[in-house]
Amino acid sequence: MKAGIFGGTFDPVHNGHLRAAEEIRESFSLERIYFVPVFIPPHKNNRQISDAADRLAMVRLAIKGNNRFKVSETEVKRGGISYSIDTIQVMEKKFEELYYLIGVDAFSEIHTWHRYTDLFYHTNFIVMVRPNHKRRQGLMMFPSGVRKNMKTQDDGTFKHVSGRKVYLHFVTQLDISATRIRASIGKGKSIRYLVPSAVEKHIKERKLYQ
């Protein structure tokens, strides 16, 4: 089975996440995409995030009805700071091919991730690129610790010495962010059509981000 991992805080999950995941699922013929909410994000310690139970609940509500989308409690159950390498090494035992979904901005900072060079030995990457993004060309997009082990296959596809690949993939640009959604709620503004209606209802019932 070919499966994708989509990690994040999902605070809250929104339509931008869902649309990007659906496009990638279709383009790469993935049988499943697992949304993996972090427990404690390594790079966002300066902001208080919502309780993991709420974030898990919102993802479940958001993906309900799409049998190709699943939620994984791997990082929440593990507790502590969530490191992608730990999750990938658990998930790779279950699937023939694994693909890690990541935004281009996050990928540009992958050199700050825990054991980042090891990641490329255990999963393929699908780097989500916005249509108007001015990306760094070719191998220069990789940190030096990885670049020496990469080869260009074609425009937008790179192969690691492990055989794993990195794909640059354009996704529909929906100008939606969790930061803006939280800010809108804090100002009493509508978030209708930014998140699934069931997620909006959960946010209101739980009085999140107020």
Side-chain angles (χ1 to χ4, degrees), residues 1-10 16-39 41-43 63 68-78 81-131 133-172:
M1 179 183 286
K2 293 170 63 178
I5 298 177
F6 197 174
T9 53
F10 299 116
H17 294 131
L18 300 173
R19 182 59 204 171
E22 178 64 10
E23 290 182 11
I24 287 172
R25 182 203 63 75
E26 185 175 54
S27 296
F28 288 84
S29 301
L30 303 182
E31 281 87 354
R32 296 284 187 276
I33 289 185
Y34 287 86
F35 289 73
V36 188
V38 304
F39 187 66
H43 297 93
I63 66 176
R68 301 288 188 179
F69 286 177
K70 303 293 181 183
V71 62
S72 170
E73 299 182 6
T74 299
E75 296 187 352
V76 171
K77 286 184 175 179
R78 186 188 304 128
I81 297 176
S82 299
Y83 293 118
S84 296
I85 184 62
D86 297 331
T87 302
I88 288 167
Q89 287 183 311
V90 169
M91 299 285 277
E92 71 172 333
K93 298 174 184 177
K94 302 177 181 180
F95 304 103
E96 293 176 14
E97 291 185 65
L98 201 62
Y99 296 78
Y100 194 92
L101 284 61
I102 182 172
V104 66
D105 293 333
F107 191 81
S108 70
E109 298 179 353
I110 202 164
H111 62 283
T112 67
W113 289 28
H114 179 60
R115 292 174 56 194
Y116 80 94
T117 57
D118 290 343
L119 295 169
F120 294 83
Y121 287 91
H122 296 279
T123 185
N124 302 289
F125 281 92
I126 301 173
V127 182
M128 297 176 283
V129 182
R130 299 179 296 276
H133 181 77
K134 296 179 181 179
R135 67 174 187 244
R136 296 170 66 184
Q137 295 298 315
L139 293 173
M140 291 307 296
M141 68 176 287
F142 296 95
S144 58
V146 173
R147 191 183 309 142
K148 60 187 179 182
N149 291 324
M150 303 297 303
K151 288 186 177 180
T152 302
Q153 281 211 306
D154 56 47
D155 184 31
T157 304
F158 306 88
K159 190 173 184 179
H160 188 260
V161 291
S162 65
R164 310 291 185 176
K165 294 182 180 179
V166 176
Y167 303 88
L168 298 186
H169 187 74
F170 286 97
V171 294
T172 299

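What you see is a predicted model, and the numbers here were worked out from it, not measured in a lab.
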Report the residues that fulfil salt bridge (Lys or Arg N to Asp or Glu O under 4.0 Å) with [X], sequence neighbours left out, ordered by chain and then residue number.
X	result
Arg19	Glu23
Arg32	none
Lys148	none

State the [atom1]-[atom2] distance between [X] and [Y], to the nearest 0.5 angstrom.
X	Y	atom1	atom2	value
Arg68	Ile63	CZ	CD1	13.5 Å
Glu96	Met1	CD	CE	9.0 Å
Arg115	Ser84	CZ	OG	11.5 Å
Phe158	Gln153	CZ	CD	10.0 Å
Lys70	Ile33	NZ	CD1	12.5 Å

Are [X] and [Y] packed together at the side-chain level, in the sense that at least one heavy-atom pair is separated by less than 4.5 angstrom?
X	Y	answer
Arg25	Leu101	no
Arg147	Met140	yes
Phe120	Val161	no
Met91	Tyr34	yes
Leu18	Glu22	no
Trp113	Pro42	no

Restricting to side-chain hydrogen bond (donor to acceptor under 3.5 Å, both in side chains), what partner residues turn up for [X], sequence neighbours left out?
X	answer
Glu97	Tyr99
Thr87	Glu75, Arg78
Asn149	none
Thr112	His43

Q: Work out which heavy atom in Ala106 is nearest to a heavy atom in Ile102; give both atom names and the distance.
A: CB-CG1, 3.7 Å

Q: List the atom of Ala20, the atom of Met128, and the distance in Å for their closest heavy-atom pair.
A: CB-SD, 3.8 Å

Please list, chain by chain and in numerical order, all residues satisfying ring pair (Phe, Tyr, Trp, His ring centres under 6.0 Å) with [X], sequence neighbours excluded.
X	answer
His122	none
His111	none
Phe69	Phe35

Q | Single hit among Phe107, Phe125, Phe28 for ring pair (Phe, Tyr, Trp, His ring centres under 6.0 Å) with His169 | A | Phe28

Q: For residues 157-170, pull every pair meeting salt bridge (Lys or Arg N to Asp or Glu O under 4.0 Å), keeping only residues two or more places apart or in separate chains.
A: Glu92-Arg164

Q.
Set out, in order, the CA-CA distance, both residues' side-chain angles and the distance that settles side-chain contact (heavy atoms from CB on, under 4.5 Å) for Ile5 and Thr123, then state yes or no.
A. CA-CA 10 Å; Ile5 298 177; Thr123 185; 5.7 Å; no

Exam field: side chain [X] to backbone [Y], donor-acceptor pair closer than 3.5 Å:
X	Y	answer
Glu31	Lys2	yes
Asn124	Leu98	yes
Ser27	Ile24	no

Q: Quick one: do Asp118 and Gln89 satisfy side-chain contact (heavy atoms from CB on, under 4.5 Å)? Show the steps, please.
A: CA-CA 10 Å; Asp118 290 343; Gln89 287 183 311; over 6 Å; no

Q.
For Phe39, give me all partners under side chain to side chain contact (heavy atoms under 4.5 Å, CB included), at least two apart in sequence or on another chain.
A. Ala52, Val76, Ser82

Q: Classify the ring geometry between His17 and Phe6 as parallel (under 30°), tilted (30 to 60°) or perpendicular (over 60°).
A: perpendicular

Q | Ile88/Tyr100 under side-chain contact (heavy atoms from CB on, under 4.5 Å): CA gap, chis, key distance, verdict | A | CA-CA 8 Å; Ile88 288 167; Tyr100 194 92; 3.7 Å; yes

